[in-house]
> 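The structure under discussion is supplied below as structure tokens; questions concerning it will follow.
Computed from a prediction, not measured in an experiment: that's the story for all the values here. Below, read A as the first sequence line, B as the second, and so on, with proteins coming before strands; counting in each chain starts at 1.
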Number of protein chains: 4
Amino acid sequence: MTDNDPVPNSKKTTVITAPDRRRELLATAAEVFAAEGYNATTVRRIADEAGLLAGSLYYHFDSKESMLDEILSTFLDELWAGYDAVLAAGLGPRETIEALVTESFREIDRHRPAVAIYQRESRHLTGRPRFAYLAASQRKFETVWLGTLERGVAEHVFRADLDIRLTYRFVRDTVWVAASWYRPGGAHSPEEIARQYLSMVLDGIAVRA
Amino acid sequence: MTDNDPVPNSKKTTVITAPDRRRELLATAAEVFAAEGYNATTVRRIADEAGLLAGSLYYHFDSKESMLDEILSTFLDELWAGYDAVLAAGLGPRETIEALVTESFREIDRHRPAVAIYQRESRHLTGRPRFAYLAASQRKFETVWLGTLERGVAEHVFRADLDIRLTYRFVRDTVWVAASWYRPGGAHSPEEIARQYLSMVLDGIAVRA
Amino acid sequence: MTDNDPVPNSKKTTVITAPDRRRELLATAAEVFAAEGYNATTVRRIADEAGLLAGSLYYHFDSKESMLDEILSTFLDELWAGYDAVLAAGLGPRETIEALVTESFREIDRHRPAVAIYQRESRHLTGRPRFAYLAASQRKFETVWLGTLERGVAEHVFRADLDIRLTYRFVRDTVWVAASWYRPGGAHSPEEIARQYLSMVLDGIAVRA
Amino acid sequence: MTDNDPVPNSKKTTVITAPDRRRELLATAAEVFAAEGYNATTVRRIADEAGLLAGSLYYHFDSKESMLDEILSTFLDELWAGYDAVLAAGLGPRETIEALVTESFREIDRHRPAVAIYQRESRHLTGRPRFAYLAASQRKFETVWLGTLERGVAEHVFRADLDIRLTYRFVRDTVWVAASWYRPGGAHSPEEIARQYLSMVLDGIAVRA
DNA sequence: AATGAATGAGCGTTCATTCAT
DNA sequence: CATGAATGAACGCTCATTCAT
């Protein structure tokens, strides 16, 4: 969960606004942020893409930053809903990793722009108070994944001869960086990509001797 | 690709000579570009960090973009020098992959900011004529890595049951994304990180049945 | 040549409408360009004079250069409309020269700043593609005036003992350089100035023997 | 005379400097000022043209403005030396005008860049105290030319039916604007241009009835 | 005399944001 | 809800000028 993010309908002036329009505008903004980068994206560009004037966006949103905020927190909310469901199932370490990876590729499929933005911008955003939930999410993420890996090593299903933090970074990075090349509706479904990915990570690409 | 001359310190005193000053400023710029992103970095920020005024940078460089250009092309020149040496050795597919990965981590060690910048900016830079070499490098990169993987599959040293392009992306990302967390002088040497990564990628993290 | 639309004041109130605002700003810019020179004029100076901030000019115009472009092309469009009407009348050489000179002084009356800018800047502008129409106008101008003078010599209404190109330059400069001192609403109307100039140029200032 | 201009060798630091180098640099500067305009000319451009670095010009001159000053005042000094010689000859009005015009074209021949600069820049320079001599020269110029024309009208050698101030501006402008197209070593000598010019101005271009 | 490197003010321009209509 | 016009801060960059060497 994103810890401190405002519930979507907490904005007082826009509560009456059709939430569909809002979602629509955010989707447009996310697409542009992902394609061009947050800083390089002008509010005018988003407005152009959405078919209104730059100033008009401010009827719907407080600021460019609040759009980014809403995009990222919405994504993280969903991500953690999925992760939490996996964790609640009480699976073994290997099965947990498999389920988390599959869930992650499903999130990339559903929120590709948000994931791409997260990858690109989260590092220099975590400092700002408004985005404190990014750091919180990152910490929880590490706890979950690293914990599962450690449990796997303890239960002898994962190798003990590897630096566990290195392994964690390895898995974390390779999963999420897929958002940079993944295109929904491509050759492979998220589940198929997860299957192949897990096969590589768990068993390696070398032919067994 | 670049024409900064590498004439060594020819003055007898410890006075900072011209090419050194250039390198020094580029190192500062690269550090800031990597930390903040190219677009978000102001030329004043680079100047502050380097201890001079913004306008003074233009005595040494034509533009902010030309600094980026020089950083990236210098890095790629060195990277390809290393890769070409590996390829010239005529190793088998597995040994070639091992040598390329090791060389890559060495480049990350030497050019961490440049690698981080490359990761973050190359996508939207490849369009511009000035950065055409980025696309060329990317193509050559794919040829080399994908070719080696295919050779490995043909020679039965790499698994044949995986989507080879997916494997390529996986390996490629695995290596370069490490630049986002790697810090020179940390717990592991580049060679040690390469060894662990190769062990994961080649043999998997799961305990063998 | 330009696409500023000349829709008249369509609002019922005295509120300044958009095309008027544009014209107003261009008039201000032209006045300052004429007084200080294009290069020496800062966009802030124009904005000050017009009562807004420098950046706000960019809501109305793409660039400082596009203001210059619009000023010059608007002027030349009108000038050629006038000239073409004269030429279509099929007058004799002397009457054509008289009508062209009179028309020219009327243009100076209506577009004094534009004429002054044209005089001062056209030479180093003609190189740029955007201002190619300046060179085209200049060529057409020479064709018309030189042709009329030559016709006059052929028809024995102008002297044959003078270098015709020298005469052309002399007459051309005579007319346009007046923009540097002419002030609308001064002692003489454009038509009166044209009459006196024509008297001088055609008959000379010396008392006839 | 330029009233208040400093005698060339009054600069304390440069009195020992070879005056040839100084003249050479000023000639280069004048050429560039004339071609590009004073404001549009960078000190670096002058230095490039002269084969040294921008900063080195400051060994020879106090400032860019002082180069302009020296160029203009040198030109005006020579111009007035010539004019004063003409005036001292005590000729009749027509012969005085003829001699002044001839002298003017000779000055254009010798000081074309300076004349062109004068034409283009003097208007917005006359305000500054340093260039007060420009206004003084202009006043003296008007006194001499307008006076001679008036004397000619009084003595019935020039027409009385023309506005005398208009005539003055007419002659003044058409003479000096020649600097904008005159090229030394061209088809006509200054004296030949003066002869043709005088023939036009005095007798007109129309064939006498 | 000239260089190399810097200063500091200012330039044209961009852009997130505001607000009366 | 949206527009049109503006604000104001900041940006990349230029350039006359300075000065130790």
Side-chain angles (χ1 to χ4, degrees), chain A residues 13-14 16-18 21 25 39-47 50-67, chain B residues 11 13 15-18 21-22 25 39-47 50-67, chain C residues 11 13 15-18 21-22 25 39-47 50-67, chain D residues 13-14 16-18 21 25 39-47 50-67:
Chain A
T13 55
T14 42
I16 308 158
T17 302
R21 185 77 171 122
L25 292 171
N39 274 303
T41 298
T42 71
V43 119
R44 189 171 177 167
R45 175 72 199 282
I46 299 170
L52 38 67
L53 290 182
S56 309
L57 279 176
Y58 287 80
Y59 178 82
H60 301 278
F61 304 99
D62 287 345
S63 65
K64 184 183 168 189
E65 198 181 74
S66 81
M67 294 187 225
Chain B
K11 302 254 175 65
T13 62
V15 149
I16 291 162
T17 55
R21 184 72 172 131
R22 213 185 158 73
L25 293 171
N39 275 307
T41 298
T42 71
V43 111
R44 275 163 178 86
R45 176 71 199 282
I46 298 171
L52 39 64
L53 289 178
S56 307
L57 283 173
Y58 289 81
Y59 178 79
H60 301 278
F61 304 99
D62 285 345
S63 63
K64 183 185 168 187
E65 195 178 82
S66 82
M67 294 187 224
Chain C
K11 301 254 174 66
T13 60
V15 148
I16 290 162
T17 54
R21 184 70 170 130
R22 212 185 159 71
L25 293 171
N39 275 307
T41 298
T42 71
V43 112
R44 275 162 178 87
R45 176 71 199 283
I46 298 170
L52 40 64
L53 288 179
S56 307
L57 283 173
Y58 289 80
Y59 179 79
H60 301 277
F61 305 98
D62 285 346
S63 63
K64 182 185 170 188
E65 196 179 82
S66 83
M67 296 187 221
Chain D
T13 56
T14 41
I16 308 158
T17 302
R21 185 74 172 125
L25 293 172
N39 274 303
T41 299
T42 69
V43 119
R44 189 173 177 165
R45 175 73 198 283
I46 299 169
L52 38 67
L53 290 182
S56 308
L57 280 174
Y58 288 80
Y59 178 83
H60 301 278
F61 304 99
D62 287 345
S63 64
K64 184 184 169 188
E65 197 180 76
S66 82
M67 294 186 226

> May I ask you to say what C:Leu53 touches in the nucleic acid, namely base, sugar-phosphate or nothing, with a heavy-atom cut-off under 4.0 Å?
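Touches a base.
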> If the condition is side chain to side chain contact (heavy atoms under 4.5 Å, CB included), which residues does C:Phe61 pass it with, not counting sequence neighbours?
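For C:Phe61 the side chain to side chain contact (heavy atoms under 4.5 Å, CB included) partners, ignoring immediate neighbours, are C:Arg22, C:Leu25, C:Leu26, C:Ser66, C:Met67, C:Glu70.
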> May I have the distance from B:Arg45 (atom CZ) to F:dG12 (atom P), rounded to whole angstrom?
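Distance, rounded to whole Å: 12 Å.
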> Could you state the interatomic distance from CZ (C:Arg44) to CG (C:Leu57), rounded to the nearest 0.5 Å?
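These two atoms lie 10.5 Å from each other.
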> Just the rounded figure in Å: distance from P of E:dA2 to CZ of D:Phe61.
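In whole Å, E:dA2 P and D:Phe61 CZ are 11 Å from each other.
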> If a protein heavy atom is under 4.0 Å from the base, mark B; if only from the sugar-phosphate, S; if neither, -; do that for nucleotides 14-21 of chain E going 5' to 3'.
BSSBB---
> What is the distance, rounded to the nearest whole Å, between atom CG of D:Leu57 and atom C1' of E:dG4?
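Rounded to the whole Å, the gap is 15 Å.
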> According to the Watson-Crick and G-U wobble definition with distances under 3.5 Å, which dot-bracket string, read 5' to 3', encodes DNA chain E, using [ ] for crossing pairs and | for pairs with another strand?
.||||||||||||||||||||
> Looking at every heavy atom in both D:Ala50 and D:Arg21, which two are closest together, and how far apart are they?
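Minimum heavy-atom separation between D:Ala50 and D:Arg21: O-NH2, 4.2 Å.
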> Can you name the closest pair of heavy atoms from C:Thr41 and C:Lys64 and give their distance?
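Shortest heavy-atom separation between C:Thr41 and C:Lys64 comes out as O-NZ, 2.8 Å.
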> Give a yes/no answer on whether the side chain of C:Tyr59 brings an N or O atom under 4.0 Å of OP1 or OP2 in F:dA5.
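So the side chain of C:Tyr59 is within the cut-off, an N or O lying under 4.0 Å from OP1 or OP2 of F:dA5.
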> When you check the phosphate oxygens OP1 and OP2 of E:dA2, does a side-chain N or O of D:His60 lie under 4.0 Å from one of them?
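For D:His60, the contact criterion (side-chain N or O under 4.0 Å from OP1 or OP2 of E:dA2) is met.
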> From A:Ser56 OG over to A:Tyr59 OH, what is the distance, rounded to the nearest 0.5 angstrom?
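OH of A:Tyr59 is found 11.0 Å from OG of A:Ser56.
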